[in-house]
Amino acid sequence: MSDGIRVRFAPSPTGHLHVGGARTALYNWLYARKTGGAFILRIEDTDAARSSEESVRGILEGLRWLGLDWDEGPDVGGPHAPYFQSERRELYQAEAARLVAEGGAYPCFCAPEAVEAIREAERAAGRDPNYDGRCGRIPPGEAARRVAAGEPHVIRFRSPDEGETLLFDVIRGKMAFRNELLEDFVLVKGDGLPTYNFAVVVDDDAMGITHVIRGDDHISNSPRHVLLYQALGYKLPKFAHLPMILGADKTRLSKRHGATSVQEFEKQGILPAGMMNYLALLGWSLDGKTELFTPRKLVEAFSLKRVGSNPSVFDPDKLAWLSGEHFTRLSDDEKAAGIHAFLTGQGLALPPLDAIRPRLAALVGLMGKRIKSWPEAAERLGHFFRERPDYDPEAVAEHLGGEAAGRLADLAGRLAGVAPWEAGAIEAALRERAEAMGIEAAALIHPLRVAVTGRSVSPDIFSVCELLGSDLTRARLTGRGWEG
RNA sequence: GGCCCCUUCGUCUAGCCUGGCCUAGGACGUCGGAUUCUCGAUCCGGUAACAGGGGUUCGAAUCCCCUAGGGGCUACCA
């Protein structure tokens with residue numbers, strides 16, 4: 001079933017798993033699962049100063065939470081281990097040495113300050129501020145001697161001065177870059193670690209990557225990569241550059257725009273399936289009409305051909321809506337289990353799940369589409385397991401002033417005789433009392449709702465009372481807990 | 001500055017490749033109405049876009065050119 005397709009997600013562990021990275025990971029994963037190929041995870045930690053283990057852990061957790069799994073990579077291993085670039089330096093050095101021997105690269109002894117001076121001079125001369133390649137003219141023998149003598153140096157790629165490099169992108173088609181604009185860029189840094197541009201190419205080839213699916217902020221780097229593939233004698237993979245995800249002001253998405261890491265959305269109560277669905281729609285569409293996709297359906301429907309090329313703005317509202325749609329489709333039983341876990345996590349001492357599962361399921365069924373996330377469910381349902389709800393001051397002010405207290409006490413008395421304790425009987429009793437008091441039923445129903453649930457919004461209030469039980473219901477009518 | 005990418009409702013997008021079926025479709029948001037036990041629930045309805053300008057053509061959102069705007073790269077960051 002596999003066409004030998006191999007894709008990868010290669011994050012650098014310098015922070016949390018960002019929605020942009022998550023989207024890139026998702027598209028790679030979807031493509032692999034769709035085609036029966038392999039999804040590889042590789043950690044690009046060649047920036048020793050900015051990389052951290054916490055970031056690695058966070059990224060792995062974020063990916064797992066989203067529902068992505070990898071065939072090769074950290075934790076699971078694989079035939080191309082290790083999957084951390086910091087542990088693969090021998091490979092890069094060997095390839096760099098090979099390139100130098102073949103003349104495709106050369107050691108450069110210019111100190112950073114010297115390079116900067118050269119750039120200034122070029123700029124002053126009205127040319128592009130590129131390194132002038134002077135070390136590339138040092139005779140190989142002399143260069144080798146200086147390297148052997150331990151002279152500090154970097155390895156630079158001998159970039160062609162003419163012609164152009166073509167890039168065929170799956171999403172954008174053909175792009176051309178003039179070679180003269182490229183300088184002799186660094187392959188291996190002074191500390192012996194490879195630069196990003198060198199390591200990706202070496203690793204992608206070593207790991208047999210057939211499709212490079214990444215953010216379009218890498219388009220400008222692509223000609224370097226293509227040139228390296230050619231110089232190293234590697235087989236060129238296919239490229240697909242995904243458009244960027246922007247904030248509401250259309251600038252690059254950042255912390256300024258609110259939550260941007262998947263962990264934050266997890267905390268907000270967004271469902272993984274909702275997050276995945278939303279991310280998939282950010283840049284891809286099946287037909288412009290279908291929006292709801294389970295992970296399984298996404299794998300089935302996904303294709304790189306239908307990925308757009310224009311950047312998109314991240315919309316938390318739509319994400320919340322989609323997550324809610326997925327939440328709504330959970331069975332009452334699943335919701336019951338989830339809510340039990342969430343409430344327990346909040347520190348509420350609940351009976352074991354098995355003991356109250358049916359009741360929780362009934363409650364959740366009653367709430368219907370009024371709850372669309374775990375936090376929302378906890379807020380609306382928590383009071384069923386407490387002595388009394390947290391009263392919403394506004395609702396109390398509106399419905400529990402004046403004669404309400406007296407009427408509710410009266411109602412409580414009448415309710416004491418209701419048996420069996422069922423919604424229909426409770427409603428009949430209330431309507432009877434209302435008539436006896438000479439008031440509209442609504443004038444009793446609203447205060448009842450607020451006194452029992454603490455809010456002015458709820459499902460059918462008689463059913464709520466039924467599920468809450470006679471004792472608790474009547475206690476809340478007479479306890480006057482809303483007065484503080 | 002140079003190079004590259006992008007440009008359909010406020011937002012995500014369909015349509016663009018293979019011009020006419022587009023008086024531009026769907027969704028989120030938003031606004032309005034209904035539902036007499038409320039609602040952030042439900043139902044119904046409205047709102048709003050082809051960046052601008054030139055061409056090509058009988059006909060252009062769709063093809064070509066220019067302008068403008070946005071983004072990216074231009075590091076011994078990734």
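Not measured: the values here are computed from a predicted model. Here is the naming used below: chain letters follow the sequence lines, and residue numbers restart at 1 for every chain.
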message: By the side chain to side chain donor-acceptor pair (under 3.5 Å) test, which pairs, at least two apart or in different chains, include something from residues 8-27 of chain A?
response: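 As it turns out, the side chain to side chain donor-acceptor pair (under 3.5 Å) pairs with a partner in residues 8-27 of chain A, which skip direct neighbours, are A/R8-A/D204.
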- prompt: Do the rings of A/W284 and A/F302 sit parallel, tilted or perpendicular, given the 30° and 60° boundaries?
  reply: tilted
Once side-chain hydrogen bond (donor to acceptor under 3.5 Å, both in side chains) is applied, do any residues pair with [X], and if so which ones, sequence neighbours excluded?
X: A/S86; value: A/D45
X: A/E394; value: none
X: A/R50; value: A/D47

Spacing of the [atom1] atoms in [M] and [N] (rounded, Å):
N: B/G10; M: B/A24; atom1: P; answer: 15 Å
N: B/C28; M: B/U23; atom1: C1'; answer: 25 Å
N: B/C6; M: B/G46; atom1: P; answer: 36 Å
N: B/C77; M: B/G72; atom1: C1'; answer: 15 Å
N: B/C3; M: B/C22; atom1: P; answer: 42 Å
N: B/C66; M: B/A27; atom1: P; answer: 39 Å
N: B/G59; M: B/A49; atom1: P; answer: 26 Å
N: B/C64; M: B/C5; atom1: P; answer: 14 Å

Tell me what [X] touches on the nucleic acid: a base, only sugar-phosphate, or nothing, going by heavy atoms under 4.0 Å.
X: A/A176; answer: sugar-phosphate
X: A/T251; answer: sugar-phosphate
X: A/I461; answer: base

- prompt: Just by modelled atom types, is the A/A425 backbone N or O under 3.5 Å from a matching donor or acceptor in the A/W421 side chain?
  reply: no
- prompt: So, does A/Q85 use its side chain to make a donor-acceptor pair with the main chain of A/E44 at under 3.5 Å?
  reply: no
Residues forming a ring-ring contact (aromatic ring centres under 6.0 Å, His included) with [X], sequence neighbours excluded:
X: A/F239; value: none
X: A/H218; value: A/Y196
X: A/W321; value: none

Take the protein atom [atom1] of [X] and the nucleotide atom [atom2] of [N], then report the distance between them rounded to whole Å.
X: A/E180; N: B/C4; atom1: CD; atom2: P; result: 11 Å
X: A/F177; N: B/C3; atom1: CZ; atom2: P; result: 13 Å
X: A/E427; N: B/U36; atom1: CD; atom2: P; result: 13 Å
X: A/E122; N: B/G2; atom1: CD; atom2: C1'; result: 14 Å

Letter per nucleotide, 5' to 3', of [range] [B base touched, S only sugar-phosphate touched, - untouched; heavy atoms, 4.0 Å]:
range: nucleotides 9-28 of chain B; result: --SBSSS---------BBBS
range: nucleotides 73-78 of chain B; result: SSSBBB
range: nucleotides 39-51 of chain B; result: BBSS---------

- prompt: Does any donor atom in the side chain of A/E334 or A/S331 lie under 3.5 Å from an acceptor atom in the other side chain?
  reply: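 A donor-acceptor contact under 3.5 Å links the two side chains.
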Any strand counts, and the cut-off is 3.5 Å on both contacts for Watson-Crick or G-U wobble. Which nucleotide pairs with [N]?
N: B/A60; result: none
N: B/U7; result: B/A68
N: B/C39; result: none
N: B/G32; result: B/C44
N: B/A14; result: none

What side-chain donor-acceptor pairs closer than 3.5 Å can you find for residues 173-182 of chain A, not counting sequence neighbours?
{"unit_1": "A/R178", "atom_1": "NE", "unit_2": "A/E180", "atom_2": "OE2", "d": "3.1"}
{"unit_1": "A/N179", "atom_1": "ND2", "unit_2": "A/T165", "atom_2": "OG1", "d": "2.6"}

field: Which residues share a side-chain contact (heavy atoms from CB on, under 4.5 Å) with A/A451, sequence neighbours left out
entry: A/L400, A/L408, A/L477, A/W482
